[in-house]
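Written below as structure tokens is the structure these notes are about.
Sequence lines set the chain letters: A, B, ... in the order given, protein chains first and strands last, and positions in each chain run from 1.
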There are 2 protein chains.
Amino acid sequence: MTRPTSRDVATAAGVSQATVSLVLGDKWRGRVSERTAALVREAATRLGYRPNLAARNLRLGSTRTALLVVPALTNEFFARVYTGAARIAAEHGFGVVLYPSPDGTGPARDPFASARAALDGVIASSMAAGALDAIGGAGLPLVMLDSDPTAGRAAAHVNLAMADGMRQTAEHLLGLGHRRVLHLASAVDTWTFDIRAEALAALLGPHAELRTTRSTLTVDGARTATERALTVPHDRPTAIVCDDDILAAGACKAARRLGLRIPEDLSVTGFDDLALATAVDPELTTVHLPAERVGEQGMTALLSVLDGTPWTAPDIPVHLVVRDSTGPAPA
Amino acid sequence: MTRPTSRDVATAAGVSQATVSLVLGDKWRGRVSERTAALVREAATRLGYRPNLAARNLRLGSTRTALLVVPALTNEFFARVYTGAARIAAEHGFGVVLYPSPDGTGPARDPFASARAALDGVIASSMAAGALDAIGGAGLPLVMLDSDPTAGRAAAHVNLAMADGMRQTAEHLLGLGHRRVLHLASAVDTWTFDIRAEALAALLGPHAELRTTRSTLTVDGARTATERALTVPHDRPTAIVCDDDILAAGACKAARRLGLRIPEDLSVTGFDDLALATAVDPELTTVHLPAERVGEQGMTALLSVLDGTPWTAPDIPVHLVVRDSTGPAPA
DNA sequence: CCACCGGGGTAATACGTATAACTTGACTCG
DNA sequence: CGAGTCAAGTTATACGTATTACCCCGGTGG
């Protein structure tokens with residue numbers, strides 16, 4: 001009734017436990033005959049043997065498991081980061097366990113209290129500098145995604161070319177003749193949003209009038225913030241650059257509520273290219289972020305670090321996808 | 001440099017390893033004096049001791065870890081199921097590892113090959129009957145979410161009152177005077193969608209003309225399917241009941257492309273109440289599914305089963321949220 | 001004065017695996 | 001013919017923890 005162990009397989013095959021371990025671990029070149037190897041394998045499948053991972057992990061001193069820390073899984077972006085990381089992990093016989101970071105409502109303070117599995121390394125995504133401390137405690141190899149490369153003591157960083165995404169957006173809007181732009185920024189104060197604000201200001205400042213308003217990362221928050229920002233006596237912005245597709249969706253709703261047509265009266269751009277971007281009407285012009293690739297590179301970096309070889313790579317390129325929410329500036 | 005073990009703590013505190021284990025495991029009532037217990041704890045924190053989970057799991061023969069199998073994490077519904085399950089798990093010192101089911105593109109065939117952590121039980125969500133076999137192999141306690149309770153050999157089932165959700169939708173539309181209804185169903189052939197189709201047909205059939213068209217679970221697929229279904233010579237449906245908010249978003253885009261106003265010319269209802277439902281314009285009338293609660297109850301059920309006590313509970317209630325995408329049937 | 005008892009701890013062991021070190025017999029080569 | 005080599009295994013051990021069974025000693029009742 002209890003699960004068979006490698007010793008059970010050994011007695012069933014008439015060999016020693018060590019031989020079973022050698023055969024099933026594919027380490028028997030020239031150490032075990034083909035015939036007995038076949039015998040062992042047959043016995044293993046017949047008994048339905050599955051190695052006890054806990055025992056193996058203890059013996060090897062490694063679990064081939066990484067912890068991925070993300071702010072929130074319900075955000076499609078992070079779900080895709082996970083997907084990418086898990087794919088690469090699986091290709092290397094690694095597993096990934098998730099930990100929703102303290103930003104969420106989870107009560108667990110200690111990341112490692114909730115992660116029951118022993119861990120080999122940590123990948124942290126889009127974390128504020130402060131949140132890092134709680135994680136770093138264990139002294140595990142750490143890879144940071146989408147965060148300030150000059151801060152923290154991560155072994156590797158994986159970043160998206162956010163500034164370049166803003167450059168493409170700004171050039172697109174300037175090319176369409178927009179000269180009064182509203183930046184709908186996120187109220188969350190992380191590096192990834194700071195960098196966007198900075199880039200946009202530097203690029204647009206010299207050629208256009210740029211205002212900024214902030215909003216929580218929800219459709220409704222963005223709607224009210226936009227309504228407030230658009231109800232000005234004169235010189236209303238002709239374009240809104242949003243830090244996130246979610247904000248852009250809110251901005252569109254605000255515009256429609258104010259009787260403004262998109263893109264005839266107002267252009268709106270997003271960021272991320274979530275499924276949401278093509279679900280709304282009109283479809284959003286937005287900066288596509290290859291989220292899966294972020295996860296893939298993050299895991300690749302961690303594997304490399306665990307291997308002892310330092311890892312570095314250029315920022316992952318992003319590109320603007322022009323859809324129906326942007327058009328020529330109104331006269 | 002290497003991580004301290006319980007033995008290191010023992011020598012540092014001047015006691016035996018057994019004592020350390022007793023103190024840190026909170027099993028020392030009357031077996032160890034307060035004074036030495038304090039000594040041990042001090043040494044443990046000073047050395048930064050963290051128990052080796054692999055060793056503990058081996059010793060205890062249990063990992064306090066559950067596997068959650070979901071079709072796709074990028075679907076917000078399953079992300080929320082995970083969130084709920086993880087919360088309950090954390091409250092009981094359990095962990096949750098994810099496995100994206102074979103529906104996804106992941107190459108891993110064996111769920112347990114990718115889940116490096118040893119497992120105590122499995123929770124499977126919205127699985128087709130066939131996909132179960134691959135999972136059941138290991139003979140672990142199994143809880144099924146959102147699946148046919150009469151099939152499979154799960155120890156417990158957690159289901160939503162999908163049929164009742166359809167009843168509320170049907171009554172809402174009938175009350176608004178709709179008599180020609182299109183059911184935009186999912187092409188995915190799972191129990192959860194079958195039950196919806198059945199319920200809708202039974203409820204609407206006697207009072208209205210009901211047609212059905214199927215679509216892949218994407219906005220674009222739904223848009224084209226709807227466009228095709230709506231371009232009929234006469235007796236066009238006045239309402240569309242969608243199996244999913246994603247489909248509803250596609251239906252809305254199709255309507256607008258055909259020059260139909262929502263809800264004046266056409267009513268649309270969704271299912272799930274994803275963030276998408278309030279991001280689109282008009283906001284969707286949809287059946288709210290408490291996804292987190294599904295995850296919570298699933299984990300609760302698994303914990304109960306692991307505890308040896310069978311688990312059963314009534315279906316989780318759902319309710320229709322009336323927003324702006326439904327209105328009186330046009331004359 | 002001895003048997004007993006209970007508080008305060010310790011020694012020993014097992015969990016299941018991977019692997020280094022050793023054994024054994026057959027065969028080869030000088 | 002003896003030393004050496006090689007294939008084919010086996011024995012023994014360690015990973016770090018939790019727990020059972022034991023030990024020691026001071027006090028206490030008879």
*Looking at the side chain of N52(A), which of dT19(C), dG16(C), dG9(C) is the nearest nucleotide?*
dG16(C)
*asked:* In whole Å, I'd like the distance from the OH atom of Y49(A) to the C1' atom of dT17(C).
replied: 7 Å
*Out of dT19(D), dG9(C), dT10(D), which has the shortest distance to the side chain of A18(A)?*
dT10(D)
*For R64(B) and dT17(D), what is the distance between atoms CZ and C1' respectively, to the nearest whole Å?*
16 Å
*Between OG1 of T192(A) and CG of L160(A), what distance do you get to the nearest 0.5 Å?*
7.5 Å
_Of the options dT17(C), dG16(C), dT19(C), whose atoms approach the side-chain atoms of L58(B) most closely?_
dG16(C)
*Least distance between heavy atoms, R3(B) atom then P51(B) atom*: NH2-O, 3.4 Å
_Spacing of CZ belonging to F77(B) relative to OG belonging to S125(B), to within rounding of 0.5 Å_ = 6.0 Å
*Tell me whether the OP1 or OP2 atom of dA18(D) has a side-chain N or O from K27(B) closer than 4.0 Å.*
no
*Ignoring backbone atoms, test whether R56(B) places a side-chain nitrogen or oxygen under 4.0 Å from the OP1 or OP2 oxygen of dA18(D).*
yes
*Nearest to the side chain of A55(B), which nucleotide is it out of dT19(C), dG16(C), dG16(D)?*
dG16(D)
*Report the nucleotide, chosen from dT10(D), dA18(D), dG9(C), that has the shortest atom-to-atom distance to any side-chain atom of L60(B).*
dA18(D)
_V32(B), nearest nucleotide to its side chain (from dG9(C), dT17(D), dT19(C))_ = dG9(C)
*Quickly work out the L22(B) CG to dT17(D) C1' distance and round it to whole Å.*
12 Å
*asked:* My understanding is that only residues two or more places apart in sequence, or in another chain, count here; which of them pass side chain to side chain donor-acceptor pair (under 3.5 Å) with T83(A)?
replied: none
*D8(A) has an atom CG; how far is it from atom C1' of dT17(C), in whole Å?*
13 Å
*dT10(C) C1' sits how many Å from R7(B) CZ, rounded?*
12 Å
*Taking CH2 from W28(B) and P from dT19(D), how many angstroms apart are they, rounded to a whole number?*
17 Å
*Any N or O donor-acceptor pair linking the side chain of Q17(B) to the base of dA18(D) at under 3.5 Å?*
yes
*Does S21(A) make a side-chain N or O approach to OP1 or OP2 of dT19(C) shorter than 4.0 Å?*
no
*Is E91(A) paired with R87(A) through a side-chain N to carboxylate O contact shorter than 4.0 Å?*
no
*Listed nucleotide nearest any side-chain atom of S33(B), set dG9(C), dA14(C), dT10(C)*: dG9(C)
*OP1 or OP2 of dG16(D) less than 4.0 angstrom from a side-chain nitrogen or oxygen of T5(B), does that happen here?*
no
_I want to verify a distance call: between dT17(D), dG16(C), dT19(C), whose nearest atom is closest to the S6(B) side chain?_
dT17(D)
*How close or far is atom P of dT17(C) from atom CG of N57(B), stated in whole angstroms?*
14 Å
_Between dG9(D) (P) and R29(A) (CZ): distance, integer Å_ = 15 Å
*What pairs with T150(B) under side chain to side chain donor-acceptor pair (under 3.5 Å), at least two apart in sequence or on another chain?*
D148(B)
_Selected nucleotide, minimal atom distance to R31(A) side chain, candidates dA12(C), dA21(C), dT17(C)_ = dA21(C)
*asked:* Is T19(B) close enough to dG8(C) that one of its side-chain N or O atoms is under 4.0 Å from OP1 or OP2 there?
replied: no
